[in-house]
Protein chains: 2
Amino acid sequence: MGTTKSEQFTARQNELSALAKAIGHPARIAIIEYLLQTDACVCGDIVEVLPLAQATVSQHLKELKNAGLIKGSIEGTSVCYCIDENGFEKIKSFFDHVALSITNRKNECC
Amino acid sequence: MGTTKSEQFTARQNELSALAKAIGHPARIAIIEYLLQTDACVCGDIVEVLPLAQATVSQHLKELKNAGLIKGSIEGTSVCYCIDENGFEKIKSFFDHVALSITNRKNECC
DNA sequence: TTTATTTATCGCAATATTACGATAAATATT
DNA sequence: AATATTTATCGTAATATTGCGATAAATAAA
């Protein structure tokens with residue numbers, strides 16, 4: 001117990017939920033917003049902007065990277081992080097599909 | 001420790017992350033997909049379709065409801081659940097904004 | 001009224017997440 | 001070479017999530 005029963009769901013359901021889960025933390029929303037706003041993207045800047053310790057920010061960055069929402073490239077001693085459009089496209093297309101389904105639905109029971 | 005430092009982030013960041021977090025589980029994606037597909041929506045049907053115990057499904061439904069992604073209305077002994085468009089509109093507009101920012105960005109550093 | 005049906009809640013165990021200090025690793029600077 | 005800067009990782013504590021059986025609560029059916 002305590003573990004999500006991933007095997008019982010489709011690959012698509014697991015992929016979408018992993019993307020949503022990665023976005024499901026205010027610090028990670030803040031990181032995404034920061035990266036969209038500044039086209040530059042040095043890790044140290046993110047740490048300065050967020051109200052969390054460096055180790056914690058690094059952990060959040062790792063999760064966003066694992067989910068395919070950001071990518072990072074080493075530049076000397078620092079790391080440049082920025083938005084990975086692939087992850088965002090996937091999740092956006094899900095919400096586009098949801099919106100379409102909502103407008104096309106016939107009976108609303110609640 | 002162990003608790004998210006919500007006070008340190010904006011209301012909008014907390015709201016968006018709460019919505020994403022609620023979607024961040026394959027069972028809850030499955031519930032959403034089911035509700036979009038069938039316009040009818042009796043709780044018992046959802047329990048039958050999902051590979052989880054009734055108590056667990058009930059818990060997932062509660063989380064989606066708390067997040068404002070679904071709503072339920074009592075019909076006799078059963079409950080009719082369906083999509084709450086308000087929650088989905090909020091999160092969709094975030095991803096629309098992200099998509100716009102991505103296409104408009106000038107320099108991509110990674 | 002008794003019994004079934006349906007859903008929510010409680011209590012618990014297992015696991016995951018969040019946060020941070022300390023420290024390692026890797027490149028820059030002196 | 002020694003020191004500084006920057007980021008990742010380790011270890012750990014606190015809390016949250018996931019899942020389920022048992023049971024309560026509430027209406028329907030007999």
Side-chain angles (χ1 to χ4, degrees), chain A residues 1-9 13-14 17-31 35 40-67 70-82 109-110, chain B residues 1-9 13-14 17-31 35 40-67 70-82 109-110:
Chain A
M1 274 172 248
T3 325
T4 296
K5 295 175 98 182
S6 316
E7 339 77 52
Q8 307 280 353
F9 299 96
Q13 287 167 341
N14 282 307
S17 61
L19 284 165
K21 191 176 183 179
I23 298 170
H25 191 288
R28 296 196 289 266
I29 292 271
I31 291 170
L35 290 182
C41 43
V42 188
C43 174
D45 294 354
I46 303 171
V47 172
E48 275 191 7
V49 161
L50 291 201
L52 297 170
Q54 182 268 324
T56 309
V57 174
S58 188
Q59 211 170 268
H60 285 304
L61 287 167
K62 193 183 175 185
E63 277 177 73
L64 286 170
K65 201 175 158 195
N66 286 343
I70 66 173
K71 42 190 176 173
S73 62
I74 299 167
E75 294 199 350
T77 76
S78 60
V79 175
C80 169
Y81 277 108
C82 61
C109 61
C110 316
Chain B
M1 277 173 244
T3 323
T4 298
K5 297 173 100 183
S6 316
E7 337 78 51
Q8 307 281 353
F9 299 96
Q13 287 166 339
N14 282 307
S17 61
L19 285 165
K21 192 177 183 179
I23 298 170
H25 191 289
R28 297 196 287 266
I29 293 272
I31 291 170
L35 290 181
C41 43
V42 188
C43 174
D45 295 355
I46 302 170
V47 172
E48 275 192 5
V49 162
L50 290 200
L52 298 169
Q54 183 267 324
T56 309
V57 174
S58 188
Q59 209 170 271
H60 285 304
L61 287 167
K62 191 182 175 185
E63 276 177 73
L64 285 170
K65 200 175 158 195
N66 286 343
I70 66 173
K71 41 190 176 173
S73 62
I74 299 167
E75 294 200 348
T77 75
S78 59
V79 176
C80 169
Y81 277 109
C82 61
C109 60
C110 315

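Reminder, nothing fancy here: chain letters follow the sequence lines and each chain counts from 1. These numbers come from the heavy atoms of this one structure, side chains and all, not from hydrogens, waters or symmetry mates. Keep in mind that this is a model prediction, so the values were computed, not measured.
- Along DNA chain C, the nucleotide closest to B:Val79 and the one closest to A:Ala27 are compared, and the more 5′ of them pairs with B:Val79.
- Look at CZ on A:Phe9: it is 11 Å from P on D:dT18, rounded to the nearest Å.
- If you take CD of A:Glu75 and C1' of D:dT5, they are 15 Å apart, rounded to a whole angstrom.
- Contact of the B:Val42 side chain with the B:Asp45 side chain is registered, since non-hydrogen atoms from C-beta on lie closer than 4.5 Å.
- Of the residues in residues 51-62 of chain A, those lying under 4.0 Å from DNA chain D by heavy-atom distance are A:Gln54, A:Ala55, A:Ser58, A:Lys62.
- With a 4.5 Å cut-off on side-chain heavy atoms, B:Ser73 and B:Val79 do not count as touching.
- A straight line from NE2 of B:His25 to C1' of C:dT17 spans 14 Å, rounded to a whole angstrom.
- Put simply, A:Lys21 has a side-chain N or O that comes within less than 4.0 Å of OP1 or OP2 on C:dT17.
- Taking the side-chain contact (heavy atoms from CB on, under 4.5 Å) definition, one finds that B:Ala20 meets it with A:Ile23, B:Ile91, sequence neighbours left out.
- Considering only the side chain of A:Thr3, C:dT15 comes nearest among C:dA8, C:dA28, C:dT15.
- Within 4.0 Å of A:Glu63, counting heavy atoms only, lie sugar-phosphate atoms of the nucleic acid but no base atom.
- Both B:Gly24 and A:Gly44 lie close to DNA chain D; mapped to their nearest nucleotides by heavy-atom distance, the more 5′-ward contact belongs to A:Gly44.
- The distance between atom CG of B:Leu50 and atom C1' of D:dC20, rounded to the nearest whole Å, is 15 Å.
- Of the candidates D:dT18, C:dT18, D:dT5, the closest approach to any side-chain atom of B:Arg28 belongs to D:dT18.
- With contacts defined as side-chain heavy-atom distances shorter than 4.5 Å, the pair B:His60/B:Leu52 qualifies.
- When all heavy atoms are compared, the tightest approach of B:Asn14 to B:Ser6 is ND2-O, 3.0 Å.
- Here the side chain of A:Lys5 is nearest to one of D:dA8, D:dG19, C:dT7, namely D:dG19.
- Legend: residues meeting side-chain contact (heavy atoms from CB on, under 4.5 Å) with A:Gln59, ordered by chain and number and at least two apart, are absent.
- Comparing B:Val47 and A:Thr77 by the nucleotide of DNA chain C that holds the closest heavy atom to each, the one mapping nearer the 5' end is B:Val47.
- Between the CD atom of B:Gln8 and the C1' atom of C:dC20 there is a distance of 14 Å, rounded to whole Å.
- Taking side-chain N and O atoms only, B:Tyr81 has a distance below 4.0 Å to OP1 or OP2 of C:dA8.
- The aromatic rings of B:His25 and A:Phe9 sit perpendicular, their planes meeting at an angle over 60°, well past the 30° parallel limit.
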